[in-house]
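Written out below as structure tokens is the structure these notes cover.
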Amino acid sequence: MLLSRIIRNSKTFLHRTLATFSKDSNRFYKDVDVIQTNAGYQVTLDNKFNVRTPLRNLLVLPTETLANAVAVEWDSQKKNIIFAVMPLTSLCFKATDKPIECRDLVEHMLEFLRTDTVCYRAGPEEEQLHSMENNRWNPLTNWFSEHYHVHLALTTDITLTPQPEQTISTIRTHLLNQHPWALPAFHHSTSSLKSLVIAMAMLDGGLSAEEAIACSCLESDYQIDKWGEVEWQHTLDRARLSADVAAAVLLVNEVRSLSGDRLQAWS
């Protein structure tokens, strides 16, 4: 499982770095289990406590795979429960509590599209970066345009270049048609990858998670190769981004696996 592998590979580094700044609770449980109920799957702590959301709603998950992955996050906690390193749990909390209306989430994502990273390219005077962006981002923007039947305005100008209103409208409709549990994953991926184009391509089958991260980090990787990096910061940022996008991909894939009565029950 991609999420479990990423969590196990990065949790020690993330915990060591973030624990100092965490204000989350101490770990008060020893065992983490998953149980099935008539409503769905729940994560239990020491067979006594059911995981609840920040609004005190019972966390009930639609698939066993999703519940097991959430349980991995809870079982991976050490001395403190640090929600900053529990991206899937956090997404499921948002899907359950719905603190922000779906339309508001969509409008926030569309703000990314209006100034999307992959639509603003280095000029030909920056030959190496210009070539890198075209080689990596052109296949992505071509896929996006063909898959959603839209036009993306690309530019090397630093001034704002608006996207066509028809493009904005088409993508808005596509996002509003997403399952309510999938939409927080789209929103979180967009914020994490700093690009709606990259996030949608990743979640709709145009890019793998690894390819999406490479597209998102292209410019920062170029700057690091040229000027060097702040010790540990790049490793930490990449580990957090990997965990974030893996959680989003898993949530969307599991929700899309629902069908029939199960799909209707979770809509």
Side-chain angles (χ1 to χ4, degrees), residues 87 91 104-172 174-175 178 183-230 233-249 252:
L91 286 177
D104 291 335
L105 284 179
V106 169
E107 292 305 318
H108 185 246
M109 284 186 276
L110 291 174
E111 290 303 312
F112 281 85
L113 180 59
R114 290 185 172 94
T115 57
D116 204 285
T117 300
V118 301
C119 296
Y120 287 79
R121 311 290 177 84
E125 67 278 2
E126 297 183 80
E127 183 177 355
Q128 183 180 359
L129 181 59
H130 179 78
S131 176
M132 290 172 62
E133 289 177 342
N134 286 343
N135 288 340
R136 184 164 292 171
W137 288 349
N138 280 352
L140 166 63
T141 53
N142 290 341
W143 179 92
F144 190 93
S145 297
E146 293 172 7
H147 185 79
Y148 301 111
H149 306 290
V150 297
H151 171 71
L152 284 177
L154 309 182
T155 184
T156 58
D157 196 333
I158 61 172
T159 59
L160 181 65
T161 301
Q163 294 297 334
E165 280 305 313
Q166 184 60 46
T167 297
I168 299 293
S169 177
T170 299
I171 298 304
R172 177 185 290 114
H174 178 80
L175 291 171
Q178 296 303 311
L183 201 55
F186 273 81
H187 182 261
H188 188 66
S189 296
T190 299
S191 298
S192 297
L193 294 164
K194 300 179 176 60
S195 165
L196 180 59
V197 173
I198 297 174
M200 289 181 64
M202 178 185 72
L203 295 172
D204 284 341
L207 292 174
S208 68
E210 291 80 4
E211 290 169 335
I213 291 170
C215 284
S216 175
C217 297
L218 186 150
E219 289 181 335
S220 61
D221 287 346
Y222 169 79
Q223 295 298 334
I224 288 169
D225 288 342
K226 187 174 182 179
W227 304 109
E229 64 177 316
V230 177
Q233 187 61 51
H234 179 67
T235 304
L236 173 61
D237 290 345
R238 189 64 68 97
R240 294 182 69 170
L241 181 58
S242 295
D244 284 347
V245 300
V249 169
V252 170

Do [X] side-chain atoms and [Y] backbone N/O form a donor-acceptor pair below 3.5 Å?
X      : Y      : value
Ser189 : Ala185 : yes
Thr167 : His151 : yes
Thr170 : His149 : no

How long is the span from the [atom1] atom in [X] to the [atom2] atom in [Y], to the nearest 0.5 Å?
X      : Y      : atom1 : atom2 : result
Asp237 : Ser192 : CG    : OG    : 11.0 Å
Met132 : Asp225 : CE    : CG    : 7.0 Å
Met202 : Ser195 : CE    : OG    : 10.0 Å
Ile168 : Leu110 : CD1   : CG    : 5.5 Å
Ser145 : Leu154 : OG    : CG    : 7.5 Å
Asp221 : Lys226 : CG    : NZ    : 14.5 Å

For the residue pair [X] and [Y], what are the closest heavy atoms and their distance?
X      : Y      : answer
Leu175 : Phe186 : CD2-CD2, 3.8 Å
Pro87  : Asp244 : CB-OD1, 3.4 Å
Met109 : Thr190 : SD-OG1, 3.8 Å
Leu241 : Cys217 : CD2-SG, 3.7 Å
Ala153 : Gln163 : N-OE1, 2.8 Å

>> Can you confirm whether Glu125 is buried at CD, in the sense that more than 12 heavy atoms of other residues, nucleotides or ligands lie under 6.0 Å from that atom?
In response: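 Yes, because the 6.0 Å sphere around CD of Glu125 holds more than 12 heavy atoms from other groups.
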> Got more than 12 heavy atoms from elsewhere within 6.0 Å of CG, Leu160?
Replying inline: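 It does: Leu160 CG has more than 12 such atoms within range.
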>> So if I apply the side-chain contact (heavy atoms from CB on, under 4.5 Å) rule between Phe144 and each of Leu152, Ile198, Val118, which one comes out positive?
In response: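 So, applying the side-chain contact (heavy atoms from CB on, under 4.5 Å) to Phe144 and each of Leu152, Ile198, Val118, only Leu152 qualifies.
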>> Using the rule side-chain contact (heavy atoms from CB on, under 4.5 Å), only one of Leu207, Ile171, Leu113 pairs with Met200; which is it?
In response: Ile171
> According to the ring-ring contact (aromatic ring centres under 6.0 Å, His included) rule, which pairs have a member within residues 116-142, sequence neighbours left out?
Replying inline: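 Qualifying pairs: none.
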> Ser208: what forms a side chain to side chain donor-acceptor pair (under 3.5 Å) with it, not counting sequence neighbours?
Replying inline: Glu211
> Which residue pairs pass the salt bridge (charged side-chain N to carboxylate O under 4.0 Å, His left out) test with at least one member in residues 133-162, sequence neighbours excluded?
Replying inline: none
> Which residue pairs satisfy the salt bridge (charged side-chain N to carboxylate O under 4.0 Å, His left out) criterion with at least one member in residues 104-124, sequence neighbours excluded?
Replying inline: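 Checked against salt bridge (charged side-chain N to carboxylate O under 4.0 Å, His left out) - neighbours excluded - the pairs reaching residues 104-124 are Glu107-Arg172, Glu111-Arg114.
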>> If you define the side chain from C-beta out and look only at heavy atoms, does anything of Ile213 sit under 4.5 Å from Ser242?
In response: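 SC-SC contact between Ile213 and Ser242 confirmed.
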>> Run Thr117 and Glu219 through side-chain contact (heavy atoms from CB on, under 4.5 Å) and show every step you take.
In response: CA-CA 10 Å; Thr117 300; Glu219 289 181 335; 4.2 Å; yes
> Listed by chain and number, what are the side chain to side chain contact (heavy atoms under 4.5 Å, CB included) partners of Glu126, not counting sequence neighbours?
Replying inline: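 Scan of Glu126 (side chain to side chain contact (heavy atoms under 4.5 Å, CB included), adjacent residues dropped) gives Ala122, Leu129.
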> In terms of the angle between their ring planes, are His108 and Phe112 parallel, tilted or perpendicular, with boundaries placed at 30° and 60°?
Replying inline: perpendicular
>> I'd like to check the ring pair (Phe, Tyr, Trp, His ring centres under 6.0 Å) partners of His174; sequence neighbours left out, ordered by chain and number.
In response: Tyr148
